[in-house]
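Input: a single structure, listed below in structure tokens.
This chain uses plain numbering: 1 for the first residue, then up along the sequence.
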Amino acid sequence: MMRAESLGMSGITSPAPDARMTDGNALAMSARVMDAEGVVLVECTGRVPSFNAQAAAHFGIPVPLHIEHARLPGCEWVRADGTPLPAGESPLARALAGEPVDASVWHVLRPDGTRIALRCTAVPVRGGDGQVAAALLRTHAVDALPEPVLDASRLLAEAGALLGTSVDAEAQLEPLLKLLVPTLGEGALLLLRTPGGTGNEALRVAASLHADAGRNVHLREWLTRYPLDPSGPGGLPGVFVSGAVGRLPILSEEHVVALARDAEHARLMRAVGPHGCLSVPLGARGNVLGALMLLRSNVLRVFGTEEERFLTELAHRTALSLENARLYREAREAVRQRDEFLGIASHELKTPLTPLSLKVQLLQKQVVVLAREGKEVPTERVAEALDVVQRQVRRLSGLVDNLLDVSRITAGRLRLELEELDLASVAAEILYRFSPAAAQAGTELGLEAPVPVVGRWDRLRLEQVVTNLVSNALKYGAGHPVIVGVEAQGSLARLTVKDHGIGIAPEDLARIFERFERAVSDRHYGGLGLGLYITRQIVEAFGGTVSAVSAPGEGSTFILELPRGDIPEEWLTAHAAPGPTQGE
């Protein structure tokens, strides 16, 4: 006797004639592998209390919570010749009508278009009043569906031709997936790592495709609304961590419950349908760039070794194409930056050379004329000319020094000679040097450094960093006050340079510390765009950080934080405020 309690249906019992199998049927069923048995329990109301993973694999559908008129969603019972059975003749419908169905072979057309032969047994389950309350259907696969012959050489040749048609490799990724769908599976995804991304931002879907148009819409909606999160419940295949091949036999209802973030997420996952998954790494030059994932609705067709080898080779070639495209883009960008730099550098070098040359020529002519007339050259004229020459030579020297620093940084030859220094005194010294230029521009300089802040740094490089930041503030400060602050925070020294000038747009803050970058037009503000890049490199060589906080029209604050190095404990507490050094 099959009791309702064992099926999770209270108050329902089943008389022996309907629920008991014949001895022959029992022997036939026991001879089969029980873990391959699909079990479906459907109440007359349409509720589905039980639908195991093997049944989902047999019918190729997500676990339904409710069905109408004994019809499993998307499935159709058909005869051996493929013609549909009348609605009331399926084993499930007959059992719900009170008729037991002995073990026999039935054919089912599944939602993905494949047809499967199932050995089915169906029995009605009766309640305490003797009326049919539910039906129990048991299924076993008779034969696995035939696998298509994999023409790996042809597919690889076509993939190579696709990837070679454009330098923009990512534009060819969706056409690439069309080679795989539906030849090897019903769906495919190509995921790429995002440099520096974390959580949901660590991965992005570069391309996705499903053979079924409706499911393709659901798949894209799923991926758009619920980005893949490697840190979420269930995580992602080990392909992203170790570069190993990953397999998921079927996306079962258990997986849906574990992975879904909310009810809508679960709905989309079920709408896409149960899939077996084979994921292989996109590996190139020792790096895992992402993963290629192939989805297969017919989970009775497991992914074979040959398909795994093919997909791994295809993923490797795709990764190489993506990596080569990245290197090509970087090379083009480097050439663009070089050309832009040469244009800026030639302009910047020519700017001081022009007045220098004119002043020297003018002085030379005056000397020649006065010599012919037997007169002495006025001292004030010579002094004025030499002052102009000296200023322009200093400017040229600074430009050349910046270029040499970039060369040293690129070659890894930036050397530091550490000594004990007071950052507050260095800041005061730099402000003293800038005071004449600040006064001429009408800019007020201020120093907020109540106590000495001692650490071990390279004096020349530390002065260079502070000089660059103060010079930058004066240049873009629009004549408003510039305040430099110095304070100690335990083992860190902190210097801030605040101006009240034109400010920097938020989207430009991340790039102003790169080579040849600037947040303003070089037509209005000169320079090579190297000062902040050199500053960042020197600060990072000290083991520190430099950053900026700004908004257009509201000025900028540059924040420098430096480790104070190996200094005596008593130096972490200072008691006297520094004063500016007189003279250079």
Give the minimum heavy-atom separation between [X] and [Y], together with the two atoms involved.
| X | Y | value |
| --- | --- | --- |
| Met293 | Ser279 | CG-CB, 3.7 Å |
| Ala315 | Leu282 | O-CD2, 3.2 Å |
| Arg94 | Trp106 | NH1-CH2, 3.3 Å |
| Arg317 | Leu163 | O-CD1, 4.1 Å |
| Asn52 | Glu37 | ND2-O, 3.1 Å |
| Leu176 | Ala159 | CD1-CB, 3.5 Å |

When rounded to the nearest 0.5 angstrom, what is the spacing between [atom1] in [X] and [atom2] in [Y]?
| X | Y | atom1 | atom2 | result |
| --- | --- | --- | --- | --- |
| Leu177 | Leu162 | CG | CG | 10.5 Å |
| Ile512 | Phe558 | CD1 | CZ | 4.0 Å |
| Thr121 | Leu137 | OG1 | CG | 8.0 Å |
| Thr318 | Leu289 | OG1 | CG | 10.5 Å |
| Ser550 | Asp508 | OG | CG | 9.5 Å |
| Cys277 | Arg296 | SG | CZ | 11.0 Å |

Partners passing side-chain contact (heavy atoms from CB on, under 4.5 Å) against [X] (at least two apart in sequence or in another chain):
| X | result |
| --- | --- |
| Thr312 | Val245, Val280, Glu308 |
| His316 | Leu320 |
| Leu223 | Leu189, Val205, Ser208, Leu219, Leu228 |
| Val539 | Val465, Thr535, Val546, Leu560, Leu562 |

Query raised in the report: After noting the C-alpha distance and the side-chain angles of Val39 and Leu41, does the key distance pass the side chain to side chain contact (heavy atoms under 4.5 Å, CB included) rule?
Result: CA-CA 7 Å; Val39 177; Leu41 180 65; 5.7 Å; no

Query raised in the report: With sequence neighbours left out, which residue pairs that include part of residues 279-295 fulfil the salt bridge (Lys or Arg N to Asp or Glu O under 4.0 Å) condition?
Result: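 Found none.
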
Query raised in the report: Okay, side chain of Asp212, backbone of Glu186: is any donor-acceptor separation there less than 3.5 Å?
Result: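 It does not hold such a pair.
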
Requested in this report: Keeping the roles fixed (side chain from Arg215, backbone from His210), state whether a donor-acceptor pair exists under 3.5 Å.
Outcome: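 Here the side-chain-to-backbone pair does not exist.
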
Query raised in the report: Can you list the steps and then say if Cys44 with Val132 is a side chain to side chain contact (heavy atoms under 4.5 Å, CB included)?
Result: CA-CA 8 Å; Cys44 288; Val132 176; 4.0 Å; yes

Those residues that, when tested against [X], pass side chain to side chain donor-acceptor pair (under 3.5 Å) (two or more places apart):
| X | value |
| --- | --- |
| Arg309 | none |
| Glu323 | Arg326 |
| Glu170 | Arg204 |
| Ser90 | none |

What donor-acceptor contacts under 3.5 angstrom involve side-chain atoms of residues 59-76, with partners at least two apart or in another chain?
residue, atom, partner, partner atom, Å
His66, ND1, Glu68, OE2, 3.4
His66, NE2, Thr45, O, 3.0

Query raised in the report: Val108 versus Trp77: any side-chain heavy-atom pair under 4.5 Å?
Result: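 Result yes, sub-4.5 Å side-chain heavy-atom pair found.
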
**Report entry** Pairwise side-chain contact, Tyr226 with Leu259, heavy-atom cut-off 4.5 Å (strictly under)
**Finding:**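 Tyr226 vs Leu259: side chains apart.
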
Query - Evaluation steps, salt bridge (Lys or Arg N to Asp or Glu O under 4.0 Å), between Glu158 and Arg154 - result: CA-CA 6 Å; Glu158 292 181 7; Arg154 178 185 61 81; 2.8 Å; yes

Side-chain donor-acceptor pairs under 3.5 Å in residues 80-87, sequence neighbours left out?
residue, atom, partner, partner atom, Å
Asp81, OD1, Thr83, N, 3.0
Asp81, OD1, Thr83, OG1, 2.7
Thr83, OG1, Arg79, NH1, 3.2

Query raised in the report: Going through the checks in order, is the side chain to side chain contact (heavy atoms under 4.5 Å, CB included) test met by Leu179 and Leu314?
Result: CA-CA 11 Å; Leu179 294 178; Leu314 178 62; over 6 Å; no

Requested in this report: Just do the side chain to side chain contact (heavy atoms under 4.5 Å, CB included) check on Leu311 and Leu292 with the steps written out, would you?
Outcome: CA-CA 8 Å; Leu311 208 62; Leu292 176 59; 3.8 Å; yes

**Report entry** Which residues share a salt bridge (charged side-chain N to carboxylate O under 4.0 Å, His left out) with Glu264, sequence neighbours left out
**Finding:**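 For Glu264, the residues satisfying salt bridge (charged side-chain N to carboxylate O under 4.0 Å, His left out) (neighbours in sequence not counted) are Arg225, Arg267.
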
